[in-house]
Visitor: 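One structure, as structure tokens, below. Some questions next.
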Amino acid sequence: DFQHVFGLDYSYQMLSECVASVNRQGEGNAPLSIIRGDAGYLPFEDGSFDAVHWGAAMHCVPDVEAAMAEVYRVLKPGGRLYATTFLRPFPDIVFRFFDVDEMESLARQAGFDGSLTVEGISVYGILRAIK
């Protein structure tokens, strides 16, 4: 159970799809706030969240280093990050793709130095970290 869930994206289209999906599922009254925002500058106070799910989107963020630092900032001590993205061999044409070592390095640079695991499964990267 969640007290409240925040969904943040820069894309109006993705936010519209989120709202439509919530309504299709009959969850329109759920404790949910949908926010248009920049992952590199999260509009939340330090230590606001127990968990962050950064789903299949690390490759979409222009400044992933800033975004990872922001995730670290808004997590409470002991807060959890679960992030997924696509890995190389996708070419870095429109998006920046990663390898497993880069994902780990990004998390460590942001401050995640405790419990941190990164794994690659096919073309998917999965990062789990605890602040």
Visitor: Taking all atoms of both residues into account, what is the closest heavy-atom pair of A129 and L116, and its distance?
Guide: CB-CD1, 3.7 Å
Visitor: Could you give the distance from OH (Y12) to CZ (R36), rounded to the nearest 0.5 Å?
Guide: 4.0 Å
Visitor: Rounded to the nearest 0.5 Å, what separates atom CD in E70 from atom CH2 in W54?
Guide: 10.5 Å
Visitor: Partners of D99 by salt bridge (charged side-chain N to carboxylate O under 4.0 Å, His left out), sequence neighbours excluded?
Guide: none
Visitor: Looking at CZ of R108 and CG of D101, how far apart are the two atoms once the value is rounded to the nearest 0.5 Å?
Guide: 11.0 Å
Visitor: The criterion is side chain to side chain donor-acceptor pair (under 3.5 Å); which residues satisfy it with N29, sequence neighbours excluded?
Guide: none
Visitor: Which pair of heavy atoms, one from R88 and one from F97, lies closest together, and at what distance?
Guide: NH2-O, 3.0 Å
Visitor: Quick one: side chain to side chain donor-acceptor pair (under 3.5 Å) partners of S33, sequence neighbours excluded?
Guide: H4
Visitor: Quick check for you: to the nearest 0.5 Å, what is the distance between T117 atom OG1 and L127 atom CG?
Guide: 7.0 Å
Visitor: Pairs under 3.5 angstrom only: tabulate donor-acceptor contacts from the side chains of residues 55-69 to other protein residues two or more places apart or in another chain.
Guide:
residue	atom	partner	partner atom	Å
H59	ND1	T85	OG1	2.8
D63	OD1	E65	N	3.4
D63	OD1	A66	N	3.1
E65	OE1	R96	NH1	3.3
E65	OE2	R96	NH1	2.9
E65	OE2	R96	NH2	3.3

Visitor: Applying side chain to side chain contact (heavy atoms under 4.5 Å, CB included), can you list everything that pairs with V22, at least two apart in sequence or on another chain?
Guide: C18, E27, L32
Visitor: Might you point out which heavy atoms bring V100 and G120 nearest each other, and give the distance in Å?
Guide: CG2-N, 3.6 Å
Visitor: Quick check on the hydrophobic clustering: are F95 and I93 connected, directly or via other members, by side-chain heavy-atom contacts under 4.5 Å?
Guide: yes
Visitor: Quick one: list whatever passes side chain to side chain contact (heavy atoms under 4.5 Å, CB included) with R80, sequence neighbours left out.
Guide: I130
Visitor: Is a salt bridge present between R73 and D46, judged by a nitrogen-to-oxygen distance below 4.0 Å?
Guide: yes
Visitor: Given F98 and V118, is the side chain to side chain contact (heavy atoms under 4.5 Å, CB included) satisfied, shown in steps?
Guide: CA-CA 12 Å; F98 308 93; V118 183; over 6 Å; no
Visitor: Could you walk me through whether K76 and D50 satisfy the salt bridge (charged side-chain N to carboxylate O under 4.0 Å, His left out) test, starting with their C-alpha distance in whole Å, then the side-chain angles of each, then the deciding distance to 0.1 Å, before giving a yes or no?
Guide: CA-CA 6 Å; K76 295 177 181 177; D50 296 309; 3.3 Å; yes
Visitor: Which heavy atom of L87 sits nearest to which heavy atom of G125, and what is that distance?
Guide: CG-N, 3.5 Å
Visitor: Could you list the residues that satisfy ring-ring contact (aromatic ring centres under 6.0 Å, His included) with Y124, not counting sequence neighbours?
Guide: F86
Visitor: Mind checking side chain to side chain donor-acceptor pair (under 3.5 Å) for Q25 and listing every partner two or more places apart, or none if nothing turns up?
Guide: none
Visitor: Is there a path of hydrophobic side-chain contacts, each under 4.5 Å between heavy atoms of I, L, V, M, F, W or Y residues, that connects V19 with V5?
Guide: yes
Visitor: Holding to salt bridge (charged side-chain N to carboxylate O under 4.0 Å, His left out), I want the full list of residues that pass it with R128, two or more places apart in sequence or in another chain.
Guide: E119
Visitor: If you compare all heavy atoms of P89 against all heavy atoms of V123, which two are closest, and at what distance to 0.1 Å?
Guide: CD-CG1, 4.4 Å
Visitor: Which residues pass the side chain to side chain contact (heavy atoms under 4.5 Å, CB included) test with E45, not counting sequence neighbours?
Guide: S48
Visitor: Can you confirm whether F6 is buried at CZ, in the sense that more than 12 heavy atoms of other residues, nucleotides or ligands lie under 6.0 Å from that atom?
Guide: yes
Visitor: Checking the side chain of S21 only, and the main-chain atoms of E17 only, is there a donor and an acceptor separated by less than 3.5 Å?
Guide: no
Visitor: Tell me every residue that passes side chain to side chain contact (heavy atoms under 4.5 Å, CB included) with S105, counting only those two or more places apart in sequence or in another chain.
Guide: Q109
Visitor: Linking Ile, Leu, Val, Met, Phe, Trp and Tyr through side-chain heavy atoms less than 4.5 Å apart, which residues share a cluster with I121?
Guide: Y82, I126
Visitor: Using the rule side chain to side chain contact (heavy atoms under 4.5 Å, CB included), only one of L42, V52, L15 pairs with L8; which is it?
Guide: L42
